[in-house]
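Report on one structure; see the data block that follows.
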Amino acid sequence: MEGRKVIGWAARDQSGHLSPYSFTLRETGPEDVVFKVLYCGMDHTDLHQIRNEIHSANYPLVPGHEVVGEVVELGSEVKKFRVGDIIGVGSIVGSCGECFSCKSNIEQYCNNRIVTYSGTYKDGRPTQGGFSSAMVVHQKFVVGIPEKLAPEKAAPLLCAGVTAYSPLKQFNRCDKVVKAGILGLGGVGHLGVLIAKAMGHHVTVISSSDKKRVEALEHLGADAFLVSSNSAEMEQAVNSLDYILDTVPAVHPLQSYLSLLNVDGKLILVGAVPNPMHFDSVDLILGKKTISGSFVGSIEETQEILEFWAEKGLTSMIEVVKMDYVNKAFERMERNDVRYRFVLDVAGSNMES
């Protein structure tokens with residue numbers, strides 16, 4: 001297939017305002033999957049990217065990397081999928097295939113990875129994301145959505161879910177109860193709570209105010225709630241956690257959170273912060289503590305989190321909106337006014353207005 005015209009919603013400049021944009025899909029190769037986009041999650045990284053706050057934006061930019069679709073056409077060598085299958089695409093649509101990361105099935109760390117939007121294909125064409133009516137993606141970077149999962153609720157797992165799952169896997173099936181901290185209760189954070197609880201961890205939600213206490217304890221099933229601005233609570237929790245999954249996508253002080261970790265504890269950064277963050281090296285040295293990062297997850301891990309979610313009977317908390325609401329949704333996301341993930345009903349939207 002060549003020359004398939006599609007409609008997406010694109011940002012044209014650093015204002016980040018999205019509006020309809022017509023473009024042509026790349027030619028379909030023998031290992032490509034062509035699909036109609038059904039739903040697409042909205043991620044905080046999308047907001048940073050359309051405003052050119054991280055990486056270098058490639059305008060016009062069609063965002064969206066939590067994409068669920070229905071297969072409409074297959075390349076001649078595609079064996080994994082059939083027409084009509086419900087599939088998903090996350091943050092990566094290509095890699096070199098030859099480096100250590102690619103050969104180790106952690107292709108998200110390939111230096112030549114191709115990101116789902118605002119990237120560049122090997123032929124020089126820009127990649128465009130899931131805020132569009134259709135996409136074409138190499139079969140290696142496509143996952144199957146289990147039948148048990150509603151497609152709109154599967155969408156957030158393709159980035160936010162696997163972003164939490166990938167670093168938490170190392171603590172799964174431990175022979176002791178793991179004391180977990182989830183810092184920030186947004187799109188990634190709420191999924192992190194659910195994943196950690198399903199792994200059997202004792203979960204403490206850490207938030208800057210008390211307003212999400214009931215949500216965390218009663219709706220998400222966390223075991224404890226800690227207000228980071230309450231010095232007495234923070235003092236009482238010193239050296240109490242084995243790890244903290246830090247999901248906050250804005251600059252915040254690390255020192256007080258490092259104090260919560262036990263000896264050999266890990267602070268895992270998964271929130272993309274557009275400015276430098278600071279810490280005191282003594283806080284790490286005296287507690288044998290580690291600050292690490294984790295970037296989304298591999299294709300293998302993305303399939304794993306979908307299966308894990310279905311097996312455990314978990315459900316993501318989402319608000320489904322139409323494409324004409326997308327700019328308002330980003331405004332609300334910036335105010336943390338969503339429980340906990342916006343998902344665009346792409347197939348049900350009028351994409352041209």
Side-chain angles (χ1 to χ4, degrees), residues 9-11 14-18 39-57 61-68 89-92 108 115-119 129-131 152-153 155-167 182-195 205-209 212 215-216 220 244-252 254 268-277 293-297 302 305 316-321 323 325-344:
W9 277 51
Q14 292 183 8
S15 72
H17 182 81
L18 300 179
Y39 296 96
C40 189
M42 294 178 63
D43 184 77
H44 215 103
T45 305
D46 298 329
L47 186 58
H48 286 317
Q49 187 69 72
I50 61 179
R51 294 177 177 175
N52 200 30
E53 293 173 344
I54 54 174
H55 313 303
S56 182
L61 187 160
V62 177
H65 57 235
E66 295 179 338
V67 196
V68 175
V89 170
S91 301
I92 307 295
Q108 73 271 34
V115 292
T116 303
Y117 64 83
S118 202
F131 290 19
E152 67 274 19
K153 293 196 172 184
L157 303 178
L158 298 167
C159 175
V162 75
T163 293
Y165 177 81
S166 180
I182 306 294
L183 177 55
L185 201 59
V188 176
H190 98 281
L191 296 174
V193 172
L194 295 172
I195 292 166
V205 170
I206 309 165
S207 189
S208 58
S209 75
K212 292 183 179 179
E215 190 77 41
L220 295 174
I244 296 173
L245 184 71
D246 184 344
T247 72
V248 178
V251 173
H252 53 286
L254 297 182
I268 306 164
L269 303 175
V270 296
V273 178
N275 295 298
M277 301 223 287
S294 184
F295 177 55
V296 293
T302 305
I305 179 61
S316 45
M317 299 175 71
I318 62 172
E319 182 177 336
V320 178
V321 297
M323 189 64 76
Y325 191 77
V326 67
N327 292 302
K328 180 69 174 176
F330 273 129
E331 290 175 13
R332 285 180 53 195
M333 180 192 294
E334 197 167 25
R335 300 195 304 267
N336 295 316
D337 179 23
V338 56
R339 295 175 62 243
Y340 279 95
R341 200 71 163 179
F342 284 116
V343 174
L344 292 168

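Note that the numbering runs from 1 along the sequence shown for the chain. Since we're looking at a predicted model, the values are computed, not measured.
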[X] side chain vs [Y] backbone, donor-acceptor pair below 3.5 Å:
X      : Y      : answer
His252 : Ala250 : yes
Gln49  : Ser118 : no
Thr247 : Gly271 : no
Lys153 : Ile318 : no
Ser207 : Gly184 : no
Thr302 : Leu158 : no
Asn327 : His17  : no
Ser166 : Val162 : no

Q.
Restricting to side-chain contact (heavy atoms from CB on, under 4.5 Å), what partner residues turn up for Asn336, sequence neighbours left out?
A.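 Testing Asn336 for side-chain contact (heavy atoms from CB on, under 4.5 Å), a comparison that skips the adjacent residues, returns none.
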Q.
So, using side-chain contact (heavy atoms from CB on, under 4.5 Å) as the criterion, who are the partners of Val338 when residues are at least two apart?
A.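 Glu319, Phe342.
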Q.
Looking at Arg51 and Glu334, is there a salt bridge between them, counting it only when a charged N and a carboxylate O are closer than 4.0 Å?
A.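 A salt bridge links Glu334 with Arg51.
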**Q.** salt bridge (Lys or Arg N to Asp or Glu O under 4.0 Å) involving Asp246 - partner list, sequence neighbours excluded
**A.**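 None.
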Q. Given the rule in the side-chain contact (heavy atoms from CB on, under 4.5 Å) test, do Val326 and Met42 qualify, once you have shown the distances and angles that lead to the verdict?
A. CA-CA 9 Å; Val326 67; Met42 294 178 63; 3.9 Å; yes
